[in-house]
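Keep in mind that this is a model prediction, so the values were computed, not measured. Below, chain A is the first sequence line, B the second, and so on; all start at residue 1.
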Number of protein chains: 2
Amino acid sequence: MTDTATTGRALPHPEREQIRLESVLHALSDPMRLQIVCELAAKEVELSCSQFDLPVTKSTSTHHFRVLRESGVIRQVYRGTAKMNGLRRDDLEGLFPGLLDSLLAAADRQAARIGDGR
Amino acid sequence: MTDTATTGRALPHPEREQIRLESVLHALSDPMRLQIVCELAAKEVELSCSQFDLPVTKSTSTHHFRVLRESGVIRQVYRGTAKMNGLRRDDLEGLFPGLLDSLLAAADRQAARIGDGR
DNA sequence: CTCGTAGTACGAGGGGTATCGTACGAGCCT
DNA sequence: AGGCTCGTACGATACCCCTCGTACTACGAG
């Protein structure tokens, strides 16, 4: 009915105060999840799970997105059959100022380093 | 012989270029290791393993220090029977500018938040 | 040399996790 | 309604990791 109708039931997210640094770091310590977060940050818009071209099956993909959500890194919302994913920039910035940007920059840097065969 | 004699055999460390962001994040995603790194950063000097008051046995302690070393977060050197630990600030800063400081600040912030019962 | 201290090596136990396959549910489109 | 697509749930498998205990090595002090 509304413009950006979010159908379906809601998904459990940790409150901002419940986000633990260790959990965030653990979530990002997996290459697959780090890549997801990088793409999400680069595109700057919410993306559905299926828009990521991950080299794993759907089940595994679901698993990784859940880890990211439960650690507080991303926010997930149903829109029709699609599940939209967005970075929790504000919450992370409020809790750990500058951390997300440093992490994204570090990931980009490493990707460039590897990409150039260095 | 030299002034700060480092006796014993050398320990394997990853070269700067071999340090992987994922490994660093994984190393720091353990509360015990994060605490170690925080203390190391706060003291600003090399510390022997036994100077940390960790709530685990010696074996476990050894394990955590090794993970930190092998991921490139710390540098370890024998000095007599003691093993001195130092943060690899320069290498990490060269690879991932600003990341270490953001991480340490985040850890401090979270510790303060928890310490104040918030 | 003997003893004590610092740390290691190795193996075991217990829990977590990354992956998959298959079967299922929830919305859209015709 | 029927079918399609997106994502979930569940179990299985294999691996990794935190922890410990015990036995061991390396170095320094007396």
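Following rounding to the nearest Å, B/R79 (CZ) and C/dT5 (C1') show an atom-to-atom distance of 17 Å. The separation between A/N85 atom CG and D/dC6 atom P is 14 Å, rounded to whole Å. In this structure, B/H63 atom NE2 and D/dC20 atom P are separated by 11 Å, rounded to whole Å. Distance B/M32 CE to D/dC20 P: 8 Å, rounded to the nearest Å. Note: CG (B/D30) to C1' (C/dG15) measures 14 Å, nearest angstrom. In this structure, CG of B/L11 is placed 12 Å from P of C/dG7, rounded to the nearest angstrom. As rounded to whole Å, 14 Å separates atom P of D/dC6 from atom CG of A/L54. For the pair B/I36 CD1 and C/dG7 C1', the interatomic distance rounds to 14 Å; values are reported in whole Å.
A donor atom on one side chain and an acceptor atom on the other are found under 3.5 Å apart for A/Q110 and B/E22. A/S102 and B/S102 form a side-chain donor-acceptor contact under 3.5 Å, judged by distance and modelled atom types alone.
Side-chain proximity of A/S59 to the nucleotides C/dC20, C/dA6, D/dG21 is greatest for C/dC20. Closest to the side chain of B/K58, from the set C/dT19, C/dG7, D/dG28, is C/dG7. Here the side chain of A/R33 is nearest to one of D/dA9, C/dA18, C/dG7, namely C/dA18.
An OP1 or OP2 oxygen of C/dG16 is reached within less than 4.0 angstrom by no side-chain nitrogen or oxygen of A/H26. Distances shorter than 4.0 Å separate none of the side-chain N or O atoms of A/T81 from OP1 or OP2 on C/dC28. Contact between the side-chain N/O atoms of A/H64 and the OP1/OP2 oxygens of C/dT17 is not found at any separation under 4.0 Å. One finds no side-chain N or O of A/R66 lying less than 4.0 angstrom from the OP1 or OP2 phosphate oxygen of D/dG7. OP1 or OP2 of D/dC20 sits under 4.0 Å from a side-chain N or O of B/T57. Contact annotation: A/T60 reaches the phosphate of C/dC20 (side-chain N/O to OP1 or OP2, under 4.0 Å).
Contact annotation for A/S50: backbone-only contact, meaning every heavy-atom pair under 4.0 Å involves sugar-phosphate atoms and none involves a base. A/S61 comes within 4.0 angstrom of no nucleic acid atom, judged by non-hydrogen atoms across all strands.
Between B/L92 and B/L99 the shortest side-chain heavy-atom distance does not fall below 4.5 Å. B/N85 places none of its side-chain heavy atoms less than 4.5 Å from the side chain of B/E46.
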Sequence neighbours left out, cut at 3.5 Å: what donor-acceptor pairs do the side chains of residues 55-62 of chain B make with other protein atoms?
unit_1: B/T57; atom_1: OG1; unit_2: B/T60; atom_2: OG1; d: 3.2
unit_1: B/T62; atom_1: OG1; unit_2: B/K58; atom_2: O; d: 3.1

